Amino acid sequence: MRRRLPRSFFTHRPTLDGARALLGKYLVRKIGRQVRAGKIVETEAYVGPKDRASHTFGGKVTPRNRVEYLEGGLVYIYLVYGMYWQLNLTTGRAGSPECVLIRALESDRGPATLANGPGKLCRWLRLSKSFYGEDLTTSARLWVEDRGVRIRKEEVVAAARVGIDYAGPYWSRRQWRFYLRGNHAVSTY
DNA sequence: GTACAGATTGAG
DNA sequence: TCAATCTGTACT
């Protein structure tokens, strides 16, 4: 069973639930005739204007974050530290600037370290600026698939998000990072 | 305009 | 432990 996730997957549920639901789904990237796919094993939720760790905190709009204000199911990709791309999927309805950061993938081939971090997975899948705003429900080069993998509740670990100490103790302690227990492709922190 | 820190990574 | 090196923000 291989089904591309439809718009409703991204729009019809709270972002925190979406971050959990994406675990076990497959991110699929078509590069010419080649297809690279990886199981999503780690995510983080960024929950809009109230979330001090979010780029849209306070309802702020910048050239970088504007796609977050559009409907769910789009790509929000941006550069950190001047060198690494970060892949986020927008969630919710238009006007609700929330997203899920994809932090790690488990590839079917290659070492577990191939895509065990947000920057590394973008490098592996050759994702950069040209994917900004890409619609995952219609794109011919990037989408998310349900391949029938079922994740039990006990397999999901909730933990604090990574690298957002600047947001202060309250927001950096929210357990809005989710990963598959014991999976070797989860990023090391 | 300048300064500085950041949703990271891998080399030393 | 540290530096690579864009983007956004807080200043002058």
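These numbers were taken from a predicted model, which means no experiment stands behind them. Each chain gets a letter, A, B and so on, in the order its sequence line appears, and its residues count up from 1.
- Look at the P atom in both B:dG12 and C:dT5: the space between them is 15 Å, to the nearest Å.
- At a threshold of 4.5 Å between non-hydrogen side-chain atoms, the residues A:Val75 and A:Val67 do not count as touching.
- Remark: C1' of B:dT8 and CG of A:Asn116 are 12 Å apart, rounded to the nearest angstrom.
- The phosphate of C:dC6 has neither OP1 nor OP2 within less than 4.0 Å of any side-chain N or O from A:Lys129.
- Spacing between atom CZ of A:Arg64 and atom C1' of B:dA5 amounts to 11 Å, rounded to whole angstrom units.
- Residue A:Pro118 has its side chain nearest to B:dT8 when only C:dG8, B:dT8, B:dG10 are considered.
- Listed by residue number, the members of residues 72-92 of chain A with any heavy atom below 4.0 angstrom from DNA chain C are A:Leu79, A:Tyr81, A:Gly82, A:Met83.
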(request) Report the C-alpha distance between A:Lys129 and A:Trp85 in whole Å, list the side-chain angles of each, state the deciding distance to 0.1 Å, and finish with yes or no for side chain to side chain contact (heavy atoms under 4.5 Å, CB included). (result) CA-CA 8 Å; A:Lys129 189 75 178 177; A:Trp85 293 96; 3.5 Å; yes
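- Shown here, C:dT5 forms no base pair; nothing in the strands shown gives a Watson-Crick or G-U wobble contact with both key distances under 3.5 Å.
- A:Asp146 pairs by the side-chain hydrogen bond (donor to acceptor under 3.5 Å, both in side chains) definition with nothing, not counting sequence neighbours.
- Within 6.0 Å of atom CZ in A:Arg147, more than 12 heavy atoms from other residues, nucleotides or ligands are found, so the atom counts as buried in its surroundings.
- Cation-pi geometry between A:Arg13 and A:Phe9 is met: the NZ or CZ atom falls under 6.0 Å from the ring centre, inside 45° of the normal.
- No side-chain donor-acceptor contact under 3.5 Å links A:Asn183 to the backbone of A:Val41.
- Protein atom NE2 of A:His55 is 17 Å distant from nucleotide atom P of C:dC6, rounded to whole Å.
- Following rounding to the nearest Å, A:Phe57 (CZ) and C:dG8 (P) show an atom-to-atom distance of 18 Å.
- Here the side chain of A:Arg123 is nearest to one of B:dT8, C:dT7, B:dG10, namely B:dG10.
- Between the OH atom of A:Tyr132 and the C1' atom of C:dC6 there is a distance of 15 Å, rounded to whole Å.
- Residue-level contact check: A:Ala53 touches the bases, meaning some heavy atom is under 4.0 Å from a base atom.
- With no hydrogens or angles considered, a side-chain donor-acceptor pair links A:Glu44 and A:Tyr46 at under 3.5 Å.
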